[in-house]
Protein chains: 2
Amino acid sequence: MSPSDSGPADTPTVEPEAGRAELRRAAFLKAAREVFLEHGYEAANMAEIVRRAGGSLSTLYAQFGGKKGLFEAMIDARVSEITTQMQLELAAHAPLREGLTRIGEDFLFRQVQPENLNFFRLMVAQAKKFPEMAEAWSRRAQEAVRRALAGYLEDRVAAGEIRIANAEQAASIYFDLLRSRMQFRTLLMPSYVPTEQEVREQVERAVKVFIGGIESLN
Amino acid sequence: MSPSDSGPADTPTVEPEAGRAELRRAAFLKAAREVFLEHGYEAANMAEIVRRAGGSLSTLYAQFGGKKGLFEAMIDARVSEITTQMQLELAAHAPLREGLTRIGEDFLFRQVQPENLNFFRLMVAQAKKFPEMAEAWSRRAQEAVRRALAGYLEDRVAAGEIRIANAEQAASIYFDLLRSRMQFRTLLMPSYVPTEQEVREQVERAVKVFIGGIESLN
DNA sequence: ACCCAAACGTAACGGTAATTACAGTAGTCT
DNA sequence: AGACTACTGTAATTACCGTTACGTTTGGGT
């Protein structure tokens with residue numbers, strides 16, 4: 001690991017050839033994400049991506065094959081990091097109302113980040129052209145948070161705090177309550193950014209309705 | 001009004017010159033809607049629109065000024081017909097559970113029509129480029145149904161069937177419960193079309209949670 | 001029947017942007 | 001060092017598409 005001796009012969013990483021190409025690739029992907037998120041797929045400009053990434057057009061084409069390949073690689077990278085990204089700060093064994101509030105705020109604040117909204121817009125817009133991609137993305141994103149919340153709810157059920165027959169379904173409903181209103185508005189009004197207070201109020205409403213109504217499903 | 005005497009001098013309509021131009025215009029708008037919904041704004045092709053509408057490119061440019069103008073006119077037309085489109089078959093004085101179910105199914109079946117989903121996709125994708133448009137559309141669509149449901153809820157409150165402090169807010173929450181899950185999936189999985197049974201089940205869940213939980217807000 | 005404006009068809013213009021070709025450079029491995 | 005590979009820079013190629021120009025046609029009002 002010494003700076004002068006970075007021989008790749010005995011690197012423990014799986015990749016046989018790490019280093020330069022990887023750096024190029026990472027820079028390309030980063031620039032591609034920026035440009036695609038800003039302008040959308042069709043309006044994104046390959047030259048602009050190279051301008052920002054700093055490599056050369058030829059290398060970009062050599063590595064990704066073309067615009068479509070670059071786009072797919074960029075999405076793949078994003079999908080891979082989603083599981084990490086979407087880790088909910090779990091509320092462990094906190095009481096129900098407090099736990100739901102914490103999880104809800106954590107989730108909703110993330111959700112309304114401009115970067116996330118732009119990503120959502122891009123996926124929705126390209127869902128027809130890249131069906132596998134949109135599906136993979138939504139599935140991963142959904143499942144991660146749903147499982148996490150379901151786990152917490154099961155803990156609360158075990159603690160006798162609430163009666164829920166189907167924790168996954170209940171989790172899904174809670175996220176619906178959290179997300180729907182703001183997602184609708186933010187997707188259609190890109191300039192609108194909810195204030196912290198709005199987010200908290202939204203979470204508060206969702207918690208109340210959820211706790212009050214979820215047992216009706218049994 | 002006799003067929004042989006259709007003099008425009010004494011026509012009661014506001015338009016001084018009705019007829020040919022209007023027909024052209026209507027045909028253009030219809031074709032434009034198809035093509036824009038199929039391919040999105042950027043990928044839509046003016047020549048393709050003319051091919052489907054049957055007029056000539058020159059006329060199209062004379063009437064709408066260009067791609068942008070055509071797009072805006074198409075959206076405007078759609079926004080105008082939304083109020084009609086979104087009229088909920090109101091449940092009048094039906095009991096709460098039955099009324100919510102009827103309104104919910106009516107709304108949700110409409111919502112998952114491919115045409116509506118494609119429209120939503122288009123609006124989301126272009127929300128940055130045409131902000132006023134996306135906003136006008138979502139506002140109109142939202143308000144129409146929200147007011148209608150709020151009216152019904154107020155009727156039920158008056159009938160003593162439920163206690164709701166803020167009918168508009170409650171209506172909004174009900175639509176969130178209805179829509180969120182399916183909207184998420186259908187927007188990102190264009191090929192997925194929910195079955196009639198899935199829609200009914202979704203409505204049933206929403207009704208249960210809503211009735212059970214909405215009074216918690218007071 | 002005549003006239004005018006609107007509609008038509010077609011082709012040309014202009015610009016943009018994806019993709020490829022090619023000649024030169026730099027890094028790495030033996 | 002030498003060779004092989006990957007990277008760079010730039011320019012050409014190619015295709016597409018929005019937009020405009022222009023000469024012709026047509027339909028309706030007098």
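We name chains A, B, ... by the order of the sequence lines, and we start the count at 1 in each one.
Of the residues in residues 125-134 of chain A, none has a non-hydrogen atom less than 4.0 angstrom from any atom of DNA chain D.
Applying the salt bridge (Lys or Arg N to Asp or Glu O under 4.0 Å) definition to pairs two or more places apart or across chains, those involving residues 178-194 of chain B are B:D176-B:R179.
Distance, B:I49 CD1 to D:dC17 C1': 12 Å, rounded to whole Å. Taking atom CD on A:E42 and atom P on D:dA15, their separation rounds to 20 Å, with Å as the unit. Rounded to an integer number of Å, the gap from A:M46 CE to C:dT20 C1' is 12 Å. Atoms CZ (B:F64) and P (D:dG18) sit 16 Å apart, rounded to a whole Å. Going from atom OH of A:Y41 over to atom C1' of C:dA18 covers 10 Å, rounded to whole Å. Atom-to-atom, CG of B:L70 to C1' of D:dC17 comes out at 15 Å; the value is rounded to the nearest Å. Whole-Å rounding puts the A:Q63 CD to C:dT19 P distance at 16 Å. Per the geometry, CG belonging to A:L60 stands 16 Å off P belonging to D:dT10, to the nearest Å.
A search for salt bridge (Lys or Arg N to Asp or Glu O under 4.0 Å) contacts involving B:E132 returns nothing, not counting sequence neighbours. Contacts of A:E204 classified as salt bridge (Lys or Arg N to Asp or Glu O under 4.0 Å), with partners at least two apart in sequence or in another chain: A:K208. With sequence neighbours excluded, the residues forming a ring pair (Phe, Tyr, Trp, His ring centres under 6.0 Å) with B:Y174 are B:F210, listed by chain and number. In this structure A:E135 satisfies the side-chain contact (heavy atoms from CB on, under 4.5 Å) test together with A:R139, B:M189, sequence neighbours excluded. With sequence neighbours left out, A:K67 forms a salt bridge (Lys or Arg N to Asp or Glu O under 4.0 Å) with no residue at all. Residues passing the side-chain contact (heavy atoms from CB on, under 4.5 Å) test with B:E198, sequence neighbours excluded: B:M182, B:Y192, B:P194, B:T195. Residues forming a salt bridge (Lys or Arg N to Asp or Glu O under 4.0 Å) with A:R51 (at least two apart in sequence, or on another chain): A:E48.
A close approach under 4.0 Å does not occur between any side-chain nitrogen or oxygen of A:S56 and OP1 or OP2 of D:dC7.
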Could I get a table of every N or O pair under 3.5 Å where one atom is in the protein and the other is in nucleotides 12-16 of chain C?
none

Identify each atom pair where a protein N or O and an N or O of nucleotides 20-26 of chain D are less than 3.5 Å apart, giving names and distance.
from	atom 1	to	atom 2	distance (Å)
D:dA21	N6	B:S58	OG	3.4

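Between B:F107 and B:F175, the ring planes are tilted. Angles from 30° to 60° get that label.
Here the CG atom belonging to A:N166 is positioned 9.5 Å from the OG atom belonging to A:S172, to the nearest 0.5 angstrom.
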Return all side-chain donor-acceptor pairs below 3.5 angstrom for residues 28-38 of chain A, not counting sequence neighbours, or 'none' if the list is empty.
from	atom 1	to	atom 2	distance (Å)
A:K30	NZ	A:E34	OE2	3.4
A:E34	OE1	A:R52	NH1	3.0
A:E38	OE1	A:R52	NH2	3.1
A:E38	OE2	A:R52	NH1	3.1

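Nucleic acid contact for A:A43: none, since no nucleic acid atom lies under 4.0 Å from a heavy atom of the residue.
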